[in-house]
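We number each residue from 1, following the sequence as shown.
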Amino acid sequence: MENPLWHPFADMGAVDGDRFVITRGSGSYVWDDAGRRYFDATASLWYANFGHGRPEITQAVTAQLEKLDSYNLFGYYANEPALELASRLSSLAPVPGSKVFLGSGGGDVVDTAVKIARAHFAHTGRPEKSHIIGRTQGYHGTHGFGTAVGGIPVNAADFGPMATGFSHVAHDSVGDLEAEILRVGPDRVAAFFCEPVIGAGGVLLPAPGYLEAAVEVCHRHGVLFVADCVIAAFGRLGTWFGIDRWDVRPDMVTTAKGLTGGTIPLSALLVSPDVAAPFFTGSPGAPVLRHGATYSGHPVACAAALATLDIYEKDGLIPRGRELEKPLADALSSAASHPAVGEVRAGLGFLAAVELSAEVLAADPGASGRLQRLLRDEGVLVRPWGKGIAMSPPLIAGDEELDLLASAIPVALSRLGG
């Protein structure tokens with residue numbers, strides 16, 4: 001009998017009997033159940049920013065479990081790690097004085113951001129401002145609102161009607177964004193969701209000036225700009241939150257993944273003081289945000305996050321995303337000229353994508369999955385997407401790991417072509 005575990009984003013008919021079981025990890029590497037070592041070139045799922053096996057996390061989690069293993073934040077309840085984490089994140093936020101809403105993962109805080117955007121306008125006398133705009137190829141998790149605002153059609157297929165009040169614009173066109181705001185009506189649009197660098201949709205880098213212009217258009221029309229930095233934050237782009245690499249003022253910032261280095265599920269939504277103001281008046285009858293996750297502000301998860309922030313600071317890892325972006329691009333330069341490759345996208349943050357040529361994809365729509373397998377044979381783990389592979393190595397990776405990438409990818413591409 002096959003194991004009953006149902007995997008996310010998986011063809012379970014193909015998975016049964018073909019599971020790839022990871023048993024341990026240390027630094028930039030993981031090992032399978034046969035004892036073979038692999039370079040974790042995706043930092044698992046974009047999140048193991050400082051690699052695997054840091055004893056500081058184990059110690060922080062153990063100490064917190066011995067002190068207070070769990071308690072909720074609903075109403076006036078609080079715990080010390082959640083309070084400390086909120087203060088630290090707010091002090092680092094791109095908008096001073098930001099409030100911090102904690103969740104269990106990126107999908108949680110995306111849905112939270114949609115609700116807060118709509119509730120903000122409802123409680124400031126503009127309830128008709130509820131429409132949400134996303135971008136083509138954008139990925140914002142798989143919760144209800146996140147699926148609706150995401151711009152990858154296959155992720156919304158087969159689930160019936162999506163939530164209403166959402167539309168999408170070309171990911172690379174500020175003109176399309178403004179045209180859509182005007183089409184719907186600025187008096188009806190609440191927010192625009194934007195990844196600084198689109199991750200799961202293919203590592204699509206913003207053109208120079210795009211983000212600044214998009215924020216300006218949003219603010220000119222009274223639309224909230226929500227920076228989805230679940231992937232981009234905590235050093236991936238070389239700054240604390242990713243969006244703070246640009247001189248812009250986001251109204252909300254979603255984070256997760258690198259917040260604990262993936263060690264324990266946790267997310268945080270940063271909300272600017274202006275957007276949060278209706279909920280913090282302190283007056284009788286003030287609105288209540290009737291929303292939250294059971295594990296919001298879980299003390300053990302928050303303890304892991306506090307230890308994670310310490311690691312980033314102590315080891316100087318936050319700037320690494322910017323320091324390593326050119327070495328990563330250089331390591332992939334030989335792949336760019338391979339006849340099986342259509343485009344290599346790299347050079348902004350420590351992440352990249354190799355998109356296969358149209359001819360290869362037409363001949364074999366499953367080529368990206370095959371390329372992932374071929375790289376696994378070379379000791380490198382990457383993430384397949386519809387048209388190629390993506391990578392986002394741990395920020396601790398160095399010359400040895402980049403050299404391995406530089407040698408393994410051309411070998412795998414040649415085998416793919418054969």
Straight-line distance of Ser368 OG to Arg383 CZ, nearest 0.5 Å: 10.0 Å
Expected output: side-chain Arg236 to main-chain Ile231 donor-acceptor under 3.5 Å: no
Electrostatic pair Asp33:Arg19 at N-O distance under 4.0 angstrom: no
Backbone of Val300 reached by a side-chain donor or acceptor of Asp69 within 3.5 Å: no
Ser87 backbone acceptor or donor facing Ser90 side chain under 3.5 Å: no
Stepwise side-chain hydrogen bond (donor to acceptor under 3.5 Å, both in side chains) test for Asp228 and Thr254: CA-CA 5 Å; Asp228 188 342; Thr254 67; 2.7 Å; yes
Test item: Asp111 and Lys115 side chains (from C-beta on) under 4.5 Å apart, heavy atoms: no
Val189 side chain near His221 side chain, heavy-atom distance below 4.5 Å: no
Residues, nucleotides or ligands: over 12 heavy atoms within 6.0 Å of Lys387 NZ: no
Interatomic distance, Ile198 atom CD1 to His140 atom NE2 [nearest 0.5 angstrom]: 7.5 Å
Over 12 non-hydrogen atoms of neighbours within 6.0 angstrom of CZ in Arg36: yes
Steps toward side chain to side chain contact (heavy atoms under 4.5 Å, CB included) verdict (Phe279, Lys99): CA-CA 11 Å; Phe279 305 95; Lys99 306 299 183 183; over 6 Å; no
Neighbour count above 12 (heavy atom, 6.0 Å) for Tyr77 OH: no
From CZ (Arg320) to CG (Asp315), nearest 0.5 Å: 10.0 Å
Heavy-atom donor-acceptor pair, Arg118 side chain to Ser130 backbone, under 3.5 Å: yes
Pair Phe193 and Phe225, ring centroids less than 6.0 Å apart: no
Aromatic ring proximity, centroids under 6.0 angstrom, Phe20 and Tyr38: yes
Donor-acceptor contact below 3.5 Å, side chain Thr62 vs main chain Gln59: no
Arg135 bridged to Glu195 by N-O distance under 4.0 Å: no
Validation row: Leu237, Cys229 side chains within 4.5 angstrom (heavy atoms): no
Asp330 and Lys326 ion-paired at < 4.0 Å: yes
Validation row: Val174, Tyr210 side chains within 4.5 angstrom (heavy atoms): yes
Flag, side chain of Asn49 to backbone of Gly235, donor-acceptor distance under 3.5 Å: no
Those residues that, when tested against Thr239, pass side chain to side chain contact (heavy atoms under 4.5 Å, CB included) (two or more places apart): Asp244, Arg245, Arg322
Where Gln64 and Pro81 come nearest, the two heavy atoms and their spacing: OE1-CG, 3.3 Å
From Leu375 atom CG to Leu416 atom CG, the distance as rounded to the nearest 0.5 Å: 9.5 Å
Donor-acceptor contact below 3.5 Å, side chain Ser296 vs main chain Leu102: yes
For Ser267 against Ser104, the heavy-atom pair lying closest together: OG-N, 3.4 Å
CG-CZ distance between Asp32 and Arg24, expressed to the nearest 0.5 angstrom: 10.5 Å
CA sep, side-chain torsions, deciding dist, call: Arg88, Asp310, salt bridge (charged side-chain N to carboxylate O under 4.0 Å, His left out): CA-CA 11 Å; Arg88 286 185 69 174; Asp310 290 342; 3.0 Å; yes
Test item: Glu401 side-chain N/O and Gly398 main-chain N/O as donor-acceptor pair under 3.5 Å: yes
Considering all heavy atoms, the nearest Gly297-Leu73 contact: CA-CD1, 3.5 Å
Glu80 CD: over 12 foreign heavy atoms closer than 6.0 Å: no
Chi angles and distances behind the side chain to side chain contact (heavy atoms under 4.5 Å, CB included) call for Arg183, Val169: CA-CA 12 Å; Arg183 183 193 71 82; Val169 297; over 6 Å; no
Backbone of Ile264 reached by a side-chain donor or acceptor of Thr260 within 3.5 Å: yes
Separation between CG of Leu306 and CD1 of Ile57, rounded to the nearest 0.5 Å: 9.5 Å
Whether Tyr29 and Phe39 hold their rings parallel, tilted or perpendicular, with breakpoints at 30° and 60°: tilted
Nearest heavy atoms of Val248 and Glu212, plus distance in Å: CG1-CA, 3.8 Å
Closest non-hydrogen atom pair, Leu413 against Ala340: CD2-CB, 4.4 Å
Polar side-chain atom of Thr255 near backbone of Ala268 as donor-acceptor pair, under 3.5 Å: yes
Heavy-atom check, side chain of Pro273 versus side chain of Val95, under 4.5 Å: yes
Note, Leu405 side chain near Leu328 side chain (heavy atom, < 4.5 Å): yes
Reference residue Leu85; test side chain to side chain contact (heavy atoms under 4.5 Å, CB included); the match among Leu266, Thr308, Asn79: Leu266
Verdict with reasoning, Leu45 to Lys257, per side chain to side chain contact (heavy atoms under 4.5 Å, CB included): CA-CA 8 Å; Leu45 199 61; Lys257 295 190 184 291; 4.2 Å; yes
Intermediate values then yes/no, side chain to side chain contact (heavy atoms under 4.5 Å, CB included), Leu309 and Phe234: CA-CA 9 Å; Leu309 298 184; Phe234 304 111; 4.0 Å; yes
Side-chain heavy-atom pair Pro250, Ser272 within 4.5 angstrom cut-off: no
Side-chain donor-acceptor contact under 3.5 Å, His219 with Asp251: yes
Note, Phe350 side chain near Glu325 side chain (heavy atom, < 4.5 Å): no
Taking every non-hydrogen atom, the tightest pair across Trp385 and Ala200: CB-O, 4.2 Å
